[in-house]
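Scope of the values below: all heavy atoms of this structure, side chains included, with no hydrogens, waters or symmetry mates. Chain identifiers are assigned alphabetically (A, B, ...) following the order of the sequence lines, protein sequences preceding nucleic acid strands; residue numbering begins at 1 within each chain.
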2 protein chains.
Amino acid sequence: MRVYFDNAATTPLAEEVFEAMVPYLKNHYGNPSSIHSAGRKARAAIEQARKTVARYLNASIGEIFFTSGGTESNNMVLKGAVKKLGIQRIISSPLEHPCVIKSLKSIEEDTNVQIDWVAHDHLGRISLDQLEELLQQKTKKTLVSLMHQNNEIGNRLSLDKVAQLCAEHQALFHTDSVQGIGYQQIDLQKTNISFLSGSAHKFHGPKGIGFVYINNNNQIPPFMDGGAQERNMRGGTEHTAGIVGLAKAMTLAYDHLEERLEKIQQLRNYLVEGLKDLGDVKFNGDYLGPCHPKIINVSFPDNVKNNMLVFNLDIAGICASGGSACSSGVESASPVLAAIDPTDTRRSVRFSLSHYNTMEEVDYLLEKLKDHAQA
Amino acid sequence: MRVYFDNAATTPLAEEVFEAMVPYLKNHYGNPSSIHSAGRKARAAIEQARKTVARYLNASIGEIFFTSGGTESNNMVLKGAVKKLGIQRIISSPLEHPCVIKSLKSIEEDTNVQIDWVAHDHLGRISLDQLEELLQQKTKKTLVSLMHQNNEIGNRLSLDKVAQLCAEHQALFHTDSVQGIGYQQIDLQKTNISFLSGSAHKFHGPKGIGFVYINNNNQIPPFMDGGAQERNMRGGTEHTAGIVGLAKAMTLAYDHLEERLEKIQQLRNYLVEGLKDLGDVKFNGDYLGPCHPKIINVSFPDNVKNNMLVFNLDIAGICASGGSACSSGVESASPVLAAIDPTDTRRSVRFSLSHYNTMEEVDYLLEKLKDHAQA
């Protein structure tokens with residue numbers, strides 16, 4: 001049996017998304033910037049996709065820009081806001097994705113921008129009280145960059161509350177919603193967000209394509225200098241098939257949101273109960289609070305057997321993550337868990353679900369955990 | 001009849017490339033950074049692709065990095081060389097692709113780097129004499145950035161000569177070979193190039209994927225800060241299917257190089273003769289000298305009929321380019337031709353060929369040109 005429980009790292013491409021992409025791979029290959037029929041066909045598909053993304057987020061089409069993925073979107077926003085919007089301080093968290101953390105390190109090296117790190121508790125919950133205190137220091141123009149749903153432990157930030165705080169204190173707000181898009185409704189007319197990043201391959205779309213929402217009030221420069229593509233905001237021939245796939249995946253995600261979440265929640269509940277029965281299993285993150293239903297991060301005692309757990313699950317055909325897939329080919333310890341408790345020596349495993357998983361697969365996982373974990 | 005003569009803007013995806021990509025779109029969807037079986041399958045494909053690219057260029061695999069395309073590669077090299085290699089002067093040409101020109105403008109705005117523009121003649125040939133004079137001024141650490149084959153007029157730069165000049169004067173050499181890769185053998189052991197950019201969709205590979213060669217002696221920082229992907233050089237989950245497609249397209253291009261070039265040359269000769277027969281047709285660029293066989297850029301007298309030429313060809317089912325596809329949704333005048341002769345008011349059209357074109361298609365084009373051009 002082969003079972004995929006690593007849907008936070010990436011998701012299988014939906015069959016419907018593949019079918020939607022094929023005509024743009026095989027037949028409609030024109031350069032979207034060309035004015036002839038082949039170009040116009042590609043251009044129309046891209047603008048239709050932009051409309052789709054804008055509609056699900058209640059944004060205007062002029063606020064959506066396609067990129068090569070979440071990493072590019074995050075780099076573009078953070079570096080662009082510093083370059084052209086006069087940002088002098090960025091408030092973020094050590095629990096952010098490496099691409100945000102490393103972009104901030106670059107900014108710190110290259111500029112005088114001050115980086116403030118907001119505190120979190122033992123469940124990885126961002127301290128909104130401390131965020132407010134930091135925002136009350138209004139001497140410098142500030143951008144807050146906090147992720148929507150944590151990729152390792154699943155914690156969900158209240159975008160409404162943070163947006164409200166930022167608005168009250170005239171700070172801009174960027175959220176890396178790479179794990180959130182396709183799994184939660186976001187209404188950008190109601191929630192005052194300046195910048196938002198999304199990536200198709202986290203919601204059953206293709207790899208190599210993402211988008212960034214840039215609120216009309218905050219014009220940043222291109223990150224990728226080049227031609228007039230994306231209304232002068234992102235040079236490079238557009239990845240038409242990827243863009244079409246992103247929009248199709250987003251349509252499926254939001255049109256079937258409730259049933260997908262219900263399915264994932266059922267699988268989650270069943271898995272959580274089964275994990276509890278194993279014995280000494282610790283649930284990491286705010287798993288009983290607001291969190292991503294697809295992500296369950298647990299840890300087992302530090303012993304020889306558990307050190308081999310992810311490896312043995314792999315041999316049994318089960319894909320799960322022992323660290324952070326985004327950070328290394330050689331699996332390294334989870335930077336998020338290390339930031340929450342650097343002294344914790346337990347062995348952590350992240351299981352992340354999709355609506356394609358089944359109860360039988362969870363049963364199989366639990367059975368193999370009984371064999372290979374010593375809890 | 002529908003005929004595609006815009007292969008410098010982008011090329012149709014080869015059927016074999018599509019077939020090679022499908023398994024990595026549909027089945028092998030694992031995150032290449034994951035250590036489980038699904039991740040390893042994707043990782044193996046990426047490293048195999050890297051080996052392929054390195055082999056055809058006679059580079060080492062550690063010198064090849066995958067990016068989202070030529071624009072990203074060019075941005076990465078130019079901005080990275082300024083940031084970490086102490087480059088204080090860049091010598092380039094106004095005939096470069098917009099992504100190079102605009103990256104240089106950004107660098108000029110943001111840093112103290114001096115940009116020197118090397119001269120060209122009325123055929124768009126870069127003055128190597130002037131380049132040498134510029135290189136003799138050795139007060140500042142210098143990078144030369146000159147494109148391999150011009151995307152609008154097809155002129156081919158002698159990489160060997162420029163590399164030689166750069167080596168003699170201790171300057172680094174970057175070449176945008178987006179139009180060259182797949183159409184000319186390049187041996188990076190023999191030709192002393194520091195950085196080279198390539199893009200899959202120009203040689204019948206997919207859009208949204210490219211690569212950059214970075215010579216081992218010149219370590220630049222990542223442009224896209226993020227995880228440890230591409231050996232810490234380019235964050236973001238890898239576009240596995242795109243990378244596999246790029247390698248397959250490159251394999252086809254170089255394994256069939258001679259027969260493809262022969263076919264394109266035949267089509268070119270036939271088209272050139274037919275164009276000459278039309279009357280007052282001017283061939284732009286160095287079309288009798290070293291040039292890209294696939295690109296033919298001609299101009300017709302400025303009159304009402306010729307102003308509508310590209311439009312009327314499009315109605316007749318012929319895709320050709322009247323300006324530069326990379327620079328705008330609304331076709332604008334060719335920046336390269338404007339740089340060569342700003343006073344020229346003739347109407348230019350670029351026809352660009354591929355080995356998929358046929359003599360019948362050229363006949364059809366010539367027939368329609370007789371109807372719609374007034375030469």
Side-chain angles (χ1 to χ4, degrees), chain A residues 2 4 6 9-13 18 21 25-26 29-39 43 68-72 75 83 98-99 102-103 105-106 199 201 206-209 224-228 235-242 310 314 317 319-322 325-331, chain B residues 2 4 6 9-13 18 21 25-26 29-39 43 68-72 75 98-99 102-103 105-106 110 199 201 206-209 224-228 235-242 310 314 317 319-322 325-331:
Chain A
R2 285 209 48 202
Y4 188 74
D6 201 12
T10 192
T11 57
L13 189 75
F18 175 76
M21 291 171 70
L25 286 168
K26 294 183 76 146
Y29 53 77
N31 189 318
S33 296
S34 300
I35 59 164
H36 50 58
S37 61
R43 164 67 43 214
S68 68
T71 291
E72 183 185 330
N75 272 263
K83 195 170 172 185
C99 70
K102 293 218 184 151
S103 291
K105 300 271 181 209
S106 282
S199 176
H201 78 97
K207 292 175 178 61
I209 192 75
M224 206 93 91
D225 284 307
T237 300
E238 296 91 335
H239 177 14
T240 316
V310 174
D314 183 31
C319 295
S321 170
C326 280
S327 89
S328 178
V330 180
E331 197 130 298
Chain B
R2 288 208 47 202
Y4 189 74
D6 201 11
T10 192
T11 56
L13 189 74
F18 176 76
M21 290 172 70
L25 285 168
K26 294 184 76 146
Y29 53 78
N31 188 316
S33 296
S34 300
I35 59 165
H36 50 59
S37 60
R43 163 67 43 213
S68 67
T71 291
E72 184 185 329
N75 272 262
C99 70
K102 293 218 184 152
S103 291
K105 299 271 180 207
S106 282
D110 299 344
S199 176
H201 78 98
K207 294 176 176 62
I209 192 75
M224 206 93 91
D225 284 307
T237 299
E238 297 91 335
H239 177 14
T240 316
V310 175
D314 183 32
C319 295
S321 170
C326 279
S327 89
S328 179
V330 179
E331 197 130 300

Compare every heavy atom of [Y] with every heavy atom of [X], then report the nearest pair and how far apart it is.
{"X": "B/D225", "Y": "A/T71", "answer": "O-CG2, 3.4 Å"}
{"X": "A/A9", "Y": "B/N31", "answer": "O-ND2, 3.1 Å"}
{"X": "A/L25", "Y": "B/L13", "answer": "O-CB, 3.5 Å"}

From B/D6, B/V310, B/T10, residue fulfilling side chain to side chain contact (heavy atoms under 4.5 Å, CB included) relative to A/S34:
B/D6

Among A/S106, A/G242, A/G69, who wins on heavy-atom pairs under 4.5 Å with chain B?
A/S106

Going through the checks in order, is the side chain to side chain contact (heavy atoms under 4.5 Å, CB included) test met by A/S37 and B/C319?
CA-CA 7 Å; A/S37 61; B/C319 295; 3.9 Å; yes

Chain A contact via B/T11 - which portion, at a heavy-atom distance below 4.5 Å:
backbone

With sequence neighbours excluded, residues passing salt bridge (charged side-chain N to carboxylate O under 4.0 Å, His left out) with A/K105:
none

Approximate separation, where rounding is to 0.5 Å, of [X] [atom1] and [Y] [atom2]:
{"X": "A/E72", "Y": "B/E72", "atom1": "CD", "atom2": "CD", "answer": "6.5 Å"}
{"X": "A/K83", "Y": "B/D110", "atom1": "NZ", "atom2": "CG", "answer": "3.5 Å"}
{"X": "A/K102", "Y": "B/M224", "atom1": "NZ", "atom2": "CE", "answer": "14.0 Å"}

Without swapping roles, check the side chain of A/K207 against the backbone of B/Y29 for a donor-acceptor pair under 3.5 Å.
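Yes, A/K207 side chain to B/Y29 backbone: donor-acceptor pair under 3.5 Å.
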
Do side-chain atoms of A/D314 reach the backbone of B/H36 as a donor and acceptor pair under 3.5 angstrom?
no

Which of the residues B/G235, B/S199, B/P206, B/A241 is involved in the greatest number of heavy-atom pairs with chain A at under 4.5 angstrom?
B/G235

